[in-house]
Amino acid sequence: MAKRKRRVVLTAVLLGTVLLLLIGGVAFVTFSQEGEPAMPEIPGITVEDVNVNGCVDCHNNDIADSDYRLSTSLGELVEEGKHPDVSAMVTTVPDDCVMCHSQQMAEGMGTEPLGPMMHKIHLVGGAENHFIAGYQGQCTHCHGFKEETGEFSIKSGEEG
Ligand code: HEC
Ligand code: HEC
Ligand code: HEC
């Protein structure tokens with residue numbers, strides 16, 4: 001009886017040790033995989049800002065067969081009856097959009113202010129949103145940051 005009991009205890013101790021080693025191993029692998037967090041890539045802050053003109057630097061037709069120009073997407077909305085034709089009055093984006101999409105004007109025009117509208121389009125939807133997946137959802141793609149003064153601005157430019 002006593003011998004048998006000792007064997008059971010020994011087996012339990014051995015199993016316990018194996019289990020601990022396993023847990024330790026998994027914890028070690030998980031821990032070492034985490035390592036240092038990657039440096040955030042923030043345009044104009046930690047990496048070079050390649051889209052200094054904001055909207056129009058991304059919404060262009062530089063790549064063959066891909067027309068991301070805002071004049072094109074707004075043109076499609078005009079055809080669907082979802083946007084007034086603004087082709088004659090918009091040259092600088094987003095400055096010229098704000099004549100209708102400002103905090104003051106938007107409600108009366110039956111639309112939204114540009115800031116919240118653009119934030120919803122670009123910053124909602126997690127990994128499904130190409131602005132988040134492809135551009136890390138960084139504010140400074142659209143907002144300029146001045147290191148010397150600490151001020152933010154809205155980048156703008158003419159559609160090419
Ligand atoms: C760094 C690149 C980048 C910048 C800068 C940028 N966008 Fe976008 N934009 C995108 C991407 C990517 C999408 C597609 C998002 C998605 O997956 O729904 C998008 C979507 C849009 C859409 C929805 C319709 C469409 O054309 O796809 C509008 C409208 C739009 N952007 C306007 C603007 C305006 C106005 C600005 C400037 C205030 C701006 N964007 C700045 C990358 C950019
Ligand atoms: C002349 C005024 C005016 C200007 C300029 C203007 N918009 Fe609009 N926009 C509107 C109005 C009005 C609506 C709402 C239309 C509706 O719901 O029928 C709208 C709606 C939108 C919508 C939502 C469309 C949808 O799918 O429901 C987007 C996106 C938009 N505007 C982007 C822009 C951008 C980007 C610019 C500048 C390049 C711009 N707008 C310039 C008046 C304007
Ligand atoms: C796709 C372009 C885009 C991105 C990305 C973006 N913004 Fe904006 N933001 C705008 C535009 C356009 C305006 C309105 C400009 C105007 O009305 O003159 C604006 C306005 C604002 C305002 C003023 C209040 C308002 O909503 O109009 C704040 C605050 C702001 N943004 C914060 C942020 C922060 C924080 C981020 C990042 C998490 C961010 N924005 C990312 C385009 C963008």
Side-chain angles (χ1 to χ4, degrees), residues 21-160:
L21 282 174
L22 270 176
I23 293 171
V26 169
F28 177 75
V29 169
T30 312
F31 184 76
S32 45
Q33 266 174 354
E34 269 176 18
E36 284 283 301
M39 187 69 177
E41 292 178 17
I42 313 173
I45 295 181
T46 60
V47 296
E48 190 197 343
D49 188 356
V50 294
N51 299 316
V52 292
N53 301 310
C55 320
V56 294
D57 283 348
C58 292
H59 291 277
N60 58 36
N61 59 348
D62 291 356
I63 305 166
D65 300 327
S66 304
D67 186 354
Y68 298 122
R69 286 175 301 176
L70 290 169
S71 55
T72 304
S73 43
L74 285 186
E76 283 162 11
L77 288 176
V78 173
E79 274 165 41
E80 294 165 20
K82 292 182 183 163
H83 204 277
D85 185 355
V86 295
S87 49
M89 49 181 118
V90 172
T91 47
T92 306
V93 185
D95 288 2
D96 295 343
C97 312
V98 177
M99 70 175 101
C100 301
H101 292 278
S102 67
Q103 300 281 357
Q104 293 76 19
M105 293 293 292
E107 205 187 333
M109 298 280 304
T111 183
E112 291 172 274
L114 201 65
M117 197 162 78
M118 288 306 123
H119 298 152
K120 280 193 281 179
I121 290 178
H122 296 84
L123 301 173
V124 175
E128 303 277 296
N129 189 307
H130 296 296
F131 184 77
I132 295 176
Y135 299 95
Q136 303 200 347
Q138 294 292 353
C139 315
T140 53
H141 285 299
C142 298
H143 293 280
F145 177 65
K146 239 197 191 141
E147 245 175 37
E148 311 82 63
T149 61
E151 284 168 312
F152 278 102
S153 59
I154 313 281
K155 297 177 186 174
S156 74
E158 278 183 37
E159 191 174 81

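One-based numbering along the sequence shown. Quick note: numbers below take in every heavy atom, side chains included, and nothing from hydrogens, waters or symmetry partners. From a predicted model like this one, the values you see are computed outputs, not experimental measurements.
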Any side-chain heavy-atom pair from [X] and [Y] closer than 4.5 angstrom?
| X | Y | answer |
| --- | --- | --- |
| H122 | Y135 | no |
| L123 | N129 | no |
| D49 | K155 | yes |
| C58 | N51 | yes |
| E159 | T91 | no |

Could you tell me the separation between the [atom1] atom of [X] and the [atom2] atom of [Y], rounded to the nearest 0.5 Å?
| X | Y | atom1 | atom2 | answer |
| --- | --- | --- | --- | --- |
| C142 | N53 | SG | CG | 12.0 Å |
| T111 | M117 | OG1 | CE | 5.0 Å |
| N61 | Y68 | CG | OH | 11.0 Å |
| I42 | H141 | CD1 | NE2 | 10.0 Å |
| E112 | H119 | CD | NE2 | 12.0 Å |

**Asked** Where is the tightest heavy-atom contact between S156 and D95, given as atom of each residue plus distance?
**Response**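 Looking at all heavy atoms of both residues, the shortest contact is OG-OD2, 3.3 Å.
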In chain order, what residues pass the side-chain contact (heavy atoms from CB on, under 4.5 Å) check against [X], with sequence neighbours excluded?
| X | answer |
| --- | --- |
| V78 | H83, D85 |
| T72 | D67, R69, E76 |
| Q103 | P113 |
| C55 | L70, V93, P94 |

**Item:** Exceeds 12 heavy-atom contacts within 6.0 angstrom, atom CD of E80
**Value:**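 Yes, the 6.0 Å shell around CD holds more than 12 heavy atoms from other groups.
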**Request:** Return the set of residues passing ring pair (Phe, Tyr, Trp, His ring centres under 6.0 Å) with F152 (not counting sequence neighbours), or none when no residue passes.
**Result:** F145
**Message:** Can you list everything that forms a ring pair (Phe, Tyr, Trp, His ring centres under 6.0 Å) with H101? Sequence neighbours excluded, please.
**Reply:** none
**Asked** Quick check: does any side chain N or O of T46 sit under 3.5 Å from a backbone N or O of P40, one acting as donor and the other as acceptor?
**Response**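 Answer holds: yes.
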**Item:** Heavy-atom donor-acceptor pair, D57 side chain to V52 backbone, under 3.5 Å
**Value:**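 Between the backbone of V52 and the side chain of D57 there is a qualifying donor-acceptor contact (under 3.5 Å).
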